[in-house]
K.L.:
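First, the structure itself, so that you have it in front of you.
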Amino acid sequence: MAERPEDLNLPNAVVTRIIKDAIPDGVAVSKEARLAISKAASVFVLYATSCSNNFALKSKRKTINAQDVLSAMEDMEFEQFIEPLQQCQEAFRQEKSEKKSQKKEKPAPVPEESGGEEEEEEKDEAAEKNNSSAAAMGDDQDFQITVNAEDGDASSPEVVEDSGE
């Protein structure tokens, strides 16, 4: 659980990048406006999490799943988000399925003793793949939010890897 209210805010760098991507070039945004947008986004995330948690609790679960989030969007009167979220969810699942099938098709690499240029290229490719996976925020994993508090308090969510659908 967060010790201070500031701990619940989204990172400023992330908010600034989102704002810059959303507005045309040449438009300036004051520091005060960025702060207000950041706080509003944080409140929205907390509210969506709390509403999603309520749907999970109604179903006698401690784990918030995608359907809980979609139901919360409808309950919060953000119906316009439901279809785009479903499309993103489907794209995520397809990409996850494709990556899983690619892993099955690829034979395990045979280690060579020479350690020449090929090994260096493979290390570079592996590092690049790891960096792109981290940048994509875990696109090859399915995540859910688990509430650890006994009373179902959504203020202390924890992201856990989903074991499957």
Side-chain angles (χ1 to χ4, degrees), residues 1-2 5-25 27 29 33-106 125-165:
M1 183 164 163
E6 299 85 37
D7 294 343
L8 299 174
N9 290 338
L10 297 171
N12 288 332
V14 172
V15 173
T16 300
R17 187 175 67 236
I18 291 170
I19 292 170
K20 285 182 179 181
D21 289 346
I23 60 174
D25 290 337
V27 176
V29 179
R34 282 194 310 267
L35 180 64
I37 292 169
S38 176
K39 288 194 181 288
S42 296
V43 168
F44 176 79
V45 169
L46 291 170
Y47 182 51
T49 302
S50 178
C51 289
S52 300
N53 185 49
N54 289 339
F55 281 99
L57 291 175
K58 284 178 189 175
S59 299
K60 297 181 174 144
R61 290 182 282 109
K62 289 186 177 183
T63 301
I64 297 171
N65 62 29
Q67 186 56 51
D68 296 329
V69 175
L70 295 173
S71 297
M73 289 297 127
E74 185 176 354
D75 190 51
M76 294 170 15
E77 298 181 8
F78 283 100
E79 291 89 0
Q80 69 271 25
F81 291 159
I82 293 173
E83 188 176 330
L85 286 171
Q86 287 172 328
Q87 291 171 354
C88 288
Q89 182 184 19
E90 183 59 34
F92 174 80
R93 287 180 176 163
Q94 282 182 332
E95 186 175 327
K96 182 179 173 183
S97 176
E98 288 171 8
K99 285 184 177 183
K100 197 178 267 189
S101 65
Q102 285 176 355
K103 283 183 181 179
K104 288 180 181 178
E105 291 174 7
K106 265 189 177 178
E125 288 174 10
E128 188 176 313
K129 183 179 178 183
N130 286 340
N131 289 340
S132 66
S133 293
M137 295 176 58
D139 281 348
D140 61 330
Q141 299 292 322
D142 208 359
F143 291 94
Q144 295 184 341
I145 299 173
T146 299
V147 178
N148 290 329
E150 296 265 334
D151 60 344
D153 180 17
S155 63
S156 59
E158 175 184 319
V159 178
V160 296
E161 185 177 332
D162 185 14
S163 59
E165 304 271 335

K.L.:
Any side-chain to backbone donor/acceptor pair from Ser97 onto Arg93? Under 3.5 Å, distance only.
P.N.:
no
K.L.:
Identify the heavy atoms of Thr63 and Ala56 that sit nearest to each other, and give their distance.
P.N.:
O-CB, 3.7 Å
K.L.:
Can you tell me if CD on Gln86 sees more than 12 non-hydrogen neighbours from other groups inside 6.0 Å?
P.N.:
yes
K.L.:
Tell me the closest heavy-atom pair linking Ala66 and Gln89, and the distance in Å.
P.N.:
CB-NE2, 3.0 Å
K.L.:
In the structure I gave you, are the side-chain heavy atoms of Gln87 and Glu83 within less than 4.5 Å of one another anywhere?
P.N.:
yes
K.L.:
Do the side chains of Asn12 and Arg34 get nearer than 4.5 Å, heavy atoms only?
P.N.:
no
K.L.:
Strictly under 6.0 Å, is that where the ring centroids of Phe78 and Tyr47 end up?
P.N.:
no
K.L.:
Kindly give the heavy-atom pair with the smallest separation between Phe81 and Met73, and that separation in Å.
P.N.:
CD1-SD, 3.9 Å
K.L.:
Just verifying a value: how many Å separate Ser38 OG and Ile18 CD1, rounded to the nearest 0.5 Å?
P.N.:
9.5 Å
K.L.:
Once rounded to the nearest 0.5 Å, what's the spacing between atom CG of Asp75 and atom CG of Asn54?
P.N.:
8.0 Å
K.L.:
Do side-chain atoms of Asp68 reach the backbone of Asn65 as a donor and acceptor pair under 3.5 angstrom?
P.N.:
yes
K.L.:
Of all heavy-atom pairs between Leu10 and Ala41, which one has the smallest distance, and what is that distance?
P.N.:
CD1-CB, 3.6 Å
K.L.:
Any sub-3.5 Å donor-acceptor pair from Ser50's side-chain atoms to Leu46's backbone N or O?
P.N.:
no
K.L.:
Please name the pair of heavy atoms, one in Glu74 and one in Glu79, separated by the smallest distance, quoted to 0.1 Å.
P.N.:
O-OE2, 3.4 Å
K.L.:
Could you give the distance from CD (Glu105) to CD (Gln102), rounded to the nearest 0.5 Å?
P.N.:
7.0 Å
K.L.:
Which atom names give the shortest non-hydrogen contact between Ser52 and Val69, and what distance separates them?
P.N.:
OG-CA, 3.4 Å
K.L.:
Give the C-alpha distance, both sets of side-chain angles, the deciding distance and a yes or no for side chain to side chain contact (heavy atoms under 4.5 Å, CB included) between Gln67 and Leu70.
P.N.:
CA-CA 5 Å; Gln67 186 56 51; Leu70 295 173; 4.0 Å; yes
